[in-house]
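Accompanying notes for the structure given below.
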Amino acid sequence: MIWVLTLSFCLTCCVLGDIDPCLDGNFELLDSPGLRGGACKMQAGNVICDRSIRNGWYKVIHEDDFEHRQMMEGIVSPNYCGTSNPIWLNGTHPVAADGIVNRTACVVGIHGYCSKEYDIQIKACGENEYVYYLIKAESCNEGYCFGVNLPCAKPNPCEEGNSIKMDVKEDRSTSCKEKSMSMCDNSLKHGWYRIQRNGVDMKMPTTCVDQYSCGTVSPIWLSENEQTTKLWEYILAAVAGIIVLFIIVSIVSYILFKKTLRLKKIQCDKKFQEPKKQSQLEIQ
Ligand SMILES: *[C@@H]1O[C@H](CO)[C@@H](O)[C@H](O)[C@H]1NC(C)=O
Ligand SMILES: *[C@@H]1O[C@H](CO)[C@@H](O)[C@H](O)[C@H]1NC(C)=O
């Protein structure tokens with residue numbers, strides 16, 4: 001009896017009871033989604049190689065907008081998708097009713113756009129949301145392509161290594177009014193800077209700075225955008241105006257409505273009285 005139960009349990013498990021790869025805990029997130037776009041050229045020092053992944057279910061969620069990315073349907077040129085040998089989907093994405101489908105992924109290589117093939121699986125989890133059973137790449141640098149025509153994501157300047165650290169002393173301070181100093185920033189490289197003094201982040205002044213301060217003749221300060229606040233003020237004023245106008249119109253029309261009602265009532269009363277008089281006259 002127990003043997004039969006165990007057997008039937010196993011059968012249900014193995015045949016029907018496959019876990020749903022769409023559900024949390026049953027998939028992993030594929031790394032570096034921001035570099036896998038079809039228009040993202042391979043970046044030296046940051047090349048994707050999916051030989052480091054393991055066979056399994058993956059979702060691809062972009063780090064900037066937290067949107068799901070789809071695997072590229074159609075060929076990709078070498079050296080795009082953040083790698084030298086992009087892997088693309090030779091086929092189409094399924095709809096939810098299809099369940100898990102088998103598909104072929106092609107590796108771009110020396111023999112053309114389909115130098116090598118991997119058998120992958122796809123399931124639609126929702127609108128524009130898919131989960132992929134990906135196969136570990138055989139060699140570097142092969143990488144799965146996600147995001148049609150998407151450029152590389154911009155590196156987050158807040159993250160370590162994505163900005164230039166500049167240690168400053170008191171001479172860049174607004175309180176430094178040394179007329180003999182003439183620092184010049186014409187040699188600065190364009191880019192993100194993190195300005196620190198003794199390891200503490202410094203802010204740029206947001207009000208006008210005197211000439212001959214900050215260790216230079218012509219200090220540069222941050223003029224915060226007042227136009228956006230002004231625009232918002234205008235919009236708020238317009239909305240408030242419309243509300244006030246609406247209230248006034250409502251009150252006036254209410255008063256007028258009441259007046260006409262009263263007039264009508266008086267006219268009605270008169271009409272009712274007049275025939276009475278006539279009938280009274282007739283009786284007389
Ligand atoms: C997908 O491929 C596997 C073998 O790799 C096969 O067992 C399965 O039946 C296929 N599924 C479909 C829906 O064709
Ligand atoms: C895509 O797969 C089809 C077979 O389904 C094949 O005929 C075609 O050549 C493949 N595309 C490329 C670019 O290799």
Side-chain angles (χ1 to χ4, degrees), residues 4 6-43 47-62 68-152:
V4 174
T6 315
L7 184 71
S8 59
F9 176 75
C10 253
L11 276 177
T12 341
C13 249
C14 306
V15 178
L16 303 168
D18 271 342
I19 49 158
D20 182 356
C22 289
L23 300 180
D24 277 351
N26 297 339
F27 62 85
E28 287 177 66
L29 294 176
L30 196 61
D31 67 281
S32 311
L35 297 180
R36 293 178 182 270
C40 174
K41 267 201 121 166
M42 179 172 68
Q43 296 179 352
V47 184
I48 287 176
C49 178
D50 285 332
R51 202 172 64 175
S52 60
I53 69 167
R54 54 195 181 90
N55 296 357
W57 288 101
Y58 291 89
K59 280 187 185 177
V60 183
I61 300 175
H62 200 278
H68 289 261
R69 292 291 189 265
Q70 290 178 28
M71 196 166 169
M72 282 279 292
E73 288 178 9
I75 59 169
V76 187
S77 302
N79 301 324
Y80 279 87
C81 305
T83 185
S84 55
N85 301 68
I87 309 172
W88 54 280
L89 176 62
N90 186 0
T92 55
H93 280 77
V95 295
D98 296 335
I100 296 173
V101 297
N102 291 341
R103 289 288 185 267
T104 301
C106 279
V107 186
V108 179
I110 45 166
H111 303 299
Y113 287 110
C114 209
S115 247
K116 202 193 289 177
E117 288 181 352
Y118 293 126
D119 294 326
I120 65 163
Q121 292 182 312
I122 311 177
K123 186 182 178 194
C125 300
E127 209 179 321
N128 296 323
E129 187 187 328
Y130 302 91
V131 65
Y132 301 83
Y133 190 91
L134 300 180
I135 303 296
K136 171 188 158 97
E138 282 170 5
S139 57
C140 280
N141 294 304
E142 296 175 4
Y144 287 94
C145 251
F146 280 86
V148 184
N149 296 333
L150 283 185
C152 308

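Residue numbers start at 1 and run along the sequence shown. Start at 1 and go down the list; that is how both ligands and their atoms are numbered.
When side chains are defined from C-beta on, Trp88 counts as touching Tyr113, because their heavy atoms get closer than 4.5 Å. Thr104 is not listed as a side-chain neighbour of Leu89, based on a closest heavy-atom distance of 4.5 Å or more. When side chains are defined from C-beta on, Pro86 does not count as touching Met42, because their heavy atoms never get closer than 4.5 Å.
For residues 68-97, every residue pair satisfying the salt bridge (Lys or Arg N to Asp or Glu O under 4.0 Å) rule, not counting sequence neighbours, is listed here: Asp65-Arg69.
Polar contact with ligand 2: present for Asn90 (N/O pair, distance under 3.5 Å).
With sequence neighbours excluded, the residues satisfying side-chain contact (heavy atoms from CB on, under 4.5 Å) with Cys152 are Leu35, Cys40, Gln43.
Listed by chain and residue number, the protein contacts of ligand 1 are Asn102 (heavy atom within 4.0 angstrom).
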In residues 74-83, what donor-acceptor pairs under 3.5 Å come from side-chain atoms, sequence neighbours left out?
residue, atom, partner, partner atom, Å
Thr83, OG1, Ile48, O, 2.9
Thr83, OG1, Asn141, O, 2.9

